[in-house]
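Right, one structure below, let's go through it.
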Amino acid sequence: MTAAFQDDIRENEIISPRRLAERLRFSMAHLARVARLDPKAMTLYPSAPTVQIKLEEIAEL
């Protein structure tokens, strides 16, 4: 994982679901399915620890 990629997907020190989806060329719904997260929870509470753990796992791939 490159530093540039990490910088690009982060927003205010957290991984932004929107930015990660854009970089992976996923819809937000598809990212939520891959992350096994509720789409509403992912967008309403992106800084929640559960959301961040799942997004970090995806970003590391």
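Values below: every heavy atom of this structure, side chains too, minus hydrogens, waters and symmetry copies.
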Pair Val51, Ile14 - check side chain to side chain contact (heavy atoms under 4.5 Å, CB included), show working. CA-CA 10 Å; Val51 173; Ile14 66 166; over 6 Å; no

Hey, is OH on Tyr45 packed in by over 12 heavy atoms from elsewhere, all under 6.0 Å? no

If you look at every heavy atom in [X] and [Y], which pair is closest and at what distance?
X     : Y     : answer
Gln6  : Ala59 : NE2-CB, 4.0 Å
Arg23 : Ala4  : NH1-O, 4.4 Å
Leu55 : Leu31 : CD2-CD2, 4.1 Å

So, taking the atom named [atom1] in [X] and the one named [atom2] in [Y], what distance separates them when rounded to the nearest 0.5 Å?
X     : Y     : atom1 : atom2 : value
Met42 : Gln52 : CE    : CD    : 11.0 Å
Thr50 : Asp38 : OG1   : CG    : 12.0 Å
Arg18 : Leu20 : CZ    : CG    : 11.0 Å

Answer yes or no: is there an ion pair linking Arg19 with Asp8, defined by an N-O contact shorter than 4.0 Å?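 Not counted as a salt bridge, because no side-chain N and carboxylate O are separated by less than 4.0 Å.
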
Do Ile15 and Phe5 belong to the same hydrophobic cluster, where Ile, Leu, Val, Met, Phe, Trp and Tyr are linked whenever their side-chain heavy atoms lie under 4.5 Å apart, directly or via other members?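 The answer is yes; both residues are in one hydrophobic cluster.
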
Taking it one step at a time, do Glu60 and Lys54 satisfy salt bridge (Lys or Arg N to Asp or Glu O under 4.0 Å)? CA-CA 10 Å; Glu60 288 178 358; Lys54 296 287 190 170; over 6 Å; no

Does the side chain of Met28 reach to within under 4.5 Å of the side chain of Pro17, using non-hydrogen atoms?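 A side-chain contact exists here, since the closest heavy-atom pair is under 4.5 Å.
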
